Protein chains: 2
Amino acid sequence: MNIRTLCLGILSLQEASGYEIKKEIEEGVFNHFIDASYGSIYPALTQLNAEGLLSVRSEEQLGRPDKKVYAITEEGKTVLAKGLSVVPARDKYKSEFLFVMLLQHLLSKQDIGRAMGKQHADLMEDLARIENCNGENCSDEMSNLPGAAFVAGYGRTVLRAAADYLEQCQPELKKQTFKAAE
Amino acid sequence: MNIRTLCLGILSLQEASGYEIKKEIEEGVFNHFIDASYGSIYPALTQLNAEGLLSVRSEEQLGRPDKKVYAITEEGKTVLAKGLSVVPARDKYKSEFLFVMLLQHLLSKQDIGRAMGKQHADLMEDLARIENCNGENCSDEMSNLPGAAFVAGYGRTVLRAAADYLEQCQPELKKQTFKAAE
DNA sequence: TTTGGCATATATCAGCTTGTTATATACCAT
DNA sequence: ATGGTATATAACAAGCTGATATATGCCAAA
């Protein structure tokens, strides 16, 4: 599955501009398991539009470039369904943190403590975002989907397990929980 | 942190060829949190050697290209230490599985079941590899490192939490545990 | 027995992705 | 006024993946 399918998937829920898709990926339910940059989103939208899988509408803006709002076409929906039904690729997880921890004998205690603290703070941030998207403060189309609860639950479980493990190894981290989750 | 630091890190533990580094990443302790392809490893080794951070020794092979065994130099060790002490980048996690599950309303029950089964099997495979690398059947330099227990524990915790979550959502998966872990 | 698949070993490259920069403007806080 | 944040698109160097090419030996299946 590639960015094309990703864009089609998001646009099957609500029409959006490239900027809004990026924002949705960064701040929405997707946050903890999807990444995409402008450099891949904009070309993908242009291409999908050229192929008739999307339609565009230009919205004029004050002092900004026109907003190009994309919507999925019937043909786009067909292609999306086909793209989703192939067995998904294996999850990819990359962690510099774990690499550094494996080679911890080459580092000072300070460096290790800093890495642990950063990792814990990152996990807390991701956890907070998941809870945020589920609450009332999020009028997100995504969070009302039938699959949203499952996905949020998966993320919550995994992130919480990782945070618990770190806190167990270094109990001082528990104090920072409140600060980081705010 | 980039492939350069990754190669230096592995070579700080044992000298190896590009092929062996790839194998180590695929089958060793790294497996669940590091990825790297030949297309990045070979150029990195050539470059690091040109910069004097590695030394090479050619081993003749029967009916195969010469094996180029790389070893880290003193200068390489210095550069590695510097590379490791910068605060590690945030973990990256990409999951087509979760994306598909979020859009499950567009799929058949069969497709969803297949995706769940695949995800569960993948998790079991990763878990089995972690236990394998810790046992006696693994004469791996990596698994004797002071940091190895922490890293294996982190992986075990997170993967087990994910598998438990899936099994809780779809209890039929528990039966497959044995098959997949074999 | 021969055919195909797997393991060893390096190298290359198209194509995709990231991360950054450029462009343009408004608004808010310092 | 100066800098940061937010909206919006575009483009590009640099990096990485996944596939392919090359060459050979070994083992199992047909």
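Every chain is numbered from 1, with letters handed out A, B, ... down the list of sequences. Scope of the values below: all heavy atoms of this structure, side chains included, with no hydrogens, waters or symmetry mates. A quick note: this is a predicted structure, and the numbers were derived from the prediction, not measured.
Comparing the axis of the opening five pairs of the helix from dT1(C)-dA30(D) to dT30(C)-dA1(D) with that of the closing five pairs yields an angle of 30°, rounded to 10°.
Residue Lys68(A) places its side chain closer to dA10(D) than to any other of dA10(D), dA8(D), dT10(C). Among the nucleotides dA9(C), dA11(C), dT17(C), the one closest to any side-chain atom of Tyr19(B) is dA9(C). For Ser17(B), the side-chain atoms get nearest to dT10(C) when compared with the rest of dT10(C), dT17(C), dT9(D). Taking the side chain of Lys94(A) as heavy atoms from C-beta on, and the options dT9(D), dT18(C), dT17(D), the nearest nucleotide is dT17(D).
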Under 3.5 Å, which N/O atoms of the protein pair with N/O atoms of nucleotides 19-22 of chain C?
unit_1	atom_1	unit_2	atom_2	d
dG19(C)	OP1	Lys92(B)	NZ	3.2

Considering only nitrogen or oxygen atoms on both sides, find all protein atoms under 3.5 Å from nucleotides 21-25 of chain D and state each distance.
unit_1	atom_1	unit_2	atom_2	d
dT24(D)	O4'	Gly63(B)	O	2.8

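Tyr70(B) meets the ring-ring contact (aromatic ring centres under 6.0 Å, His included) test with no other residue; sequence neighbours excluded. Checked against side-chain contact (heavy atoms from CB on, under 4.5 Å), Ala115(A) has the following partners two or more places apart in sequence or in another chain: Phe97(A), Pro88(B). Annotation: ring-ring contact (aromatic ring centres under 6.0 Å, His included) contacts of Tyr93(A) (sequence neighbours excluded): none. When the side-chain hydrogen bond (donor to acceptor under 3.5 Å, both in side chains) test is applied to Lys23(B), no partner is found at least two apart in sequence or on another chain. Residues satisfying the ring-ring contact (aromatic ring centres under 6.0 Å, His included) test with Phe30(B), not counting sequence neighbours, are Phe99(A). The ring-ring contact (aromatic ring centres under 6.0 Å, His included) test applied to Tyr19(B) returns no partner, not counting sequence neighbours.
Screening residues 30-54 of chain B for salt bridge (charged side-chain N to carboxylate O under 4.0 Å, His left out) gives Arg4(B)-Glu51(B) as the qualifying pairs, with residues at least two apart or on separate chains. Sequence neighbours left out, the pairs with a member in residues 42-65 of chain A that pass ring pair (Phe, Tyr, Trp, His ring centres under 6.0 Å) are Tyr38(A)-Tyr42(A).
As a whole-Å value, the separation of Glu96(A) CD from dT18(C) C1' is 14 Å. When the C1' atom of dA9(C) is taken as reference, atom CD1 of Ile41(B) falls 13 Å away, rounded to whole Å. What separates CG of Leu45(A) from P of dA11(D) is a distance of 14 Å, to the nearest Å. One can place NZ of Lys67(B) at 14 Å from P of dA11(C), the figure rounded to the nearest angstrom. dT9(D) atom C1' lies 10 Å from atom CG of Asp66(A), rounded to whole Å. Distance CZ (Arg4(A)) to P (dG15(C)): 14 Å, rounded to an integer number of Å.
In this structure, Val86(B) stands alone, with no Ile, Leu, Val, Met, Phe, Trp or Tyr side-chain heavy atom under 4.5 Å from its own, directly or through other members.
For Lys22(A), no side-chain nitrogen or oxygen approaches OP1 or OP2 of dT9(D) to under 4.0 Å.
Salt bridge present: Glu167(B) and Arg160(B) bring a charged side-chain N and a carboxylate O closer than 4.0 Å.
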